[in-house]
Amino acid sequence: MNDILPDVSGTWRYLETVVRDIVQSYGYSEIRLPLLERTELFRRSIGEVTDIVEKEMYTFLDRNDESLTLRPEATAGVVRAGITNGLLHNQRQKLWTTGPMFRYEKPQKGRYRQFYQFDVEALGFEGPDIDAELIIMCARMWRALGISKLKLEINSLGTAESRTQYRDILIEYFSSVKSQLDEDSIRRLEQNPLRILDSKNPEMQAVVEAAPVMIDYLDEESSKHFQELRSLLDAAGVAYTVNPRLVRGLDYYSRTVFEWVTDALGSQGAVCSGGRYDGLVEKLGGRATPAIGWAMGIERFVALYEACGGKAPATDADVYIVAVGDGALEQAFAIAEELRDKVADIRVEVNLGGGSFKSQLKRADKSNAEYALILGEQEIAQKCVGLKPLRSTEDQSSIAFETLAETLAGLLRKA
Ligand code: ATP
Ligand code: MG
């Protein structure tokens, strides 16, 4: 679990803001959810025989002996909230949420035990139009941020019904190569053979690669859905490859699944992953509701943004007010408030804790501010401030109180 320190939090905040503004521009509204849910919710939605439920959940009993789990992902909570709050009765919902997720994984670069996701869910939409729009929306985010090192992979998992037939075919195949399966896969063979395809064990890769693929066993409707998605993406100019091996690690997916992957971050290449989960609302006790969503891992997103040369706008102070002598601090506070009132987006720091001119100017320099505003007894008597550029060799000048806001507005706009 990581602390997100001030030297990186600015980039996080910037990226989160850009993404939020984009999804809101597509008509999505925020939903804020608890970090804790009943364990049962995740067992039922993600699936008993999955890595997350079997190995990765932070589960504990509360004081009332109820089993609770720190959420490993957001979709289950969104669906639970939609059902318990009646958001899905004859309504469609386009929602986004963000926050920490918890998985007891082996920590390594790009893989943490508390990590953050930005999550988007559309409930009540059958697609494939919404499937395409969700992907087009991702493409807009990458464009807006200059992120180029991402590739889109898509696949279709068909419906629950068409998967039953495929399940039998998989069992047959994996049984024929049983001696090459690892312990987990042997256990999963009968219970959930699809999960074998999601194995992260490198020694299993050859066996998995040779397995039959779902896309060859799609039902007609799913096949049509997938074709339509493809032509909508083609028309929108969003490039993709069909990866028939993309299955995703949660049981609730159906039909469209997709992943934006990069090779710029080492082995943790999945940055943003999603899919359709048409059966989930009903499975969790709601009325049958088609749905689709994606989740982006913010740590990997930040790392990729930086790997593509991205740099968030600076959030350092614009001006630092140096105040020495009788009445100077009072005047500094008054000027700072006035500037915050009058100059759009200005960032003003007042020197706190006193000190000599020299030590205050040192702090001003360290703050990375563009200008120091200097207030001494002489300035106060003359109702002006000294304006000292800190990032150039220009001389200090004297600006009257009345024209200070206007002067700074002009100077900072230019900078
Ligand atoms: P992976 O294949 O890397 O394990 P996943 O399929 O388990 O990913 P999802 O459950 O689809 O991931 O979660 C969506 C996104 O959240 C991923 O694409 C990834 O960017 C991010 N993510 C998942 N697990 C972690 C983690 N432990 N640490 C950091 N980011 C993660
Ligand atoms: Mg995982």
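We number each residue from 1, following the sequence as shown. Because the structure is a prediction, the values reported are computed rather than measured. Whatever order the structure lists ligands and atoms in, that order sets their numbers, starting from 1.
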Checklist entry - Which option, Gly249, Gly275, Gly297, owns the non-hydrogen atom nearest atom 21 (C) of ligand 1? => result Gly297
Checklist entry - Does Ala270, backbone or side chain, put an N or O under 3.5 Å from an N or O of ligand 1? => result yes
Next on the checklist: Looking at Gln360 and Gly355, would you say the former's side chain and the latter's main chain have a donor-acceptor pair under 3.5 Å?
Outcome noted: yes
Item to check | Glu105 touching ligand 1 at heavy-atom level, < 4.0 angstrom | outcome: yes
Next on the checklist: Just checking Trp294 against Trp260, ring centres under 6.0 Å apart?
Outcome noted: no
Item to check | Atom indices of ligand 1 within 4.0 angstrom of Gly110 heavy atoms, with elements | outcome: 28 (N), 29 (C), 30 (N)
Checklist entry - Below 3.5 angstrom, do we get any N/O pair linking Val271 and ligand 1? => result yes
Item to check | Side-chain donor-acceptor contact under 3.5 Å, Trp96 with Gln24 | outcome: yes
Checklist entry - Side chains of Glu121 and Tyr277: do they bring a donor and an acceptor to under 3.5 Å? => result yes
Item to check | Contact (N/O only, under 3.5 Å) between Gln117 and ligand 1 | outcome: yes
Item to check | Ala295 neighbourhood, listing ligand 1 atoms whose heavy-atom distance to it stays under 4.0 Å | outcome: 14 (C), 15 (C)
Item to check | Numbered atoms and elements of ligand 1 in range of Arg248, under 4.0 angstrom, heavy atoms | outcome: 6 (O), 9 (P), 11 (O)
Checklist entry - Would you say Ser222's side chain and Leu218's backbone share a donor-acceptor pair under 3.5 angstrom? => result no
Next on the checklist: Testing the 3.5 Å rule here: is there a donor-acceptor pair between the side chains of Tyr28 and Glu30?
Outcome noted: no
Checklist entry - Between Tyr104 and Tyr58, is the ring centre distance below 6.0 Å? => result yes
Checklist outcome for this item: Out of Arg300, Gln114, Arg103, Glu56, the nearest non-hydrogen contact to atom 7 (O) of ligand 1 is supplied by Arg103
Checklist entry - Strictly by modelled atom types, are Asp234 and Tyr240 linked by a side-chain donor-acceptor pair under 3.5 Å? => result yes
Checklist entry - Is it true that a side-chain atom of Lys283 and a backbone atom of Arg44 form a donor plus acceptor pair closer than 3.5 Å? => result yes
Next on the checklist: Check this for me - ligand 1, Glu259, N or O atoms closer than 3.5 angstrom, yes or no?
Outcome noted: no
Checklist entry - Considering only protein heavy atoms, which is closest to atom 30 (N) of ligand 1, and at what distance to one decimal place? => result Phe115 CD1, 3.4 Å
Item to check | Heavy atom of the protein closest to atom 17 (C) of ligand 1 (residue, atom name, distance) | outcome: Ser273 OG, 3.7 Å
Item to check | Heavy atom of Lys200, distance to ligand 1 below 4.0 Å | outcome: yes
Checklist outcome for this item: The closest protein heavy-atom partner of atom 4 (O) of ligand 1 is Arg111 NH1, 2.9 Å
Checklist entry - In the protein, which heavy atom is nearest to atom 28 (N) of ligand 1, and how far is it? => result Tyr112 N, 3.0 Å
Item to check | Any side-chain donor near an acceptor of the partner, Asp182 and Asn201, under 3.5 Å | outcome: yes
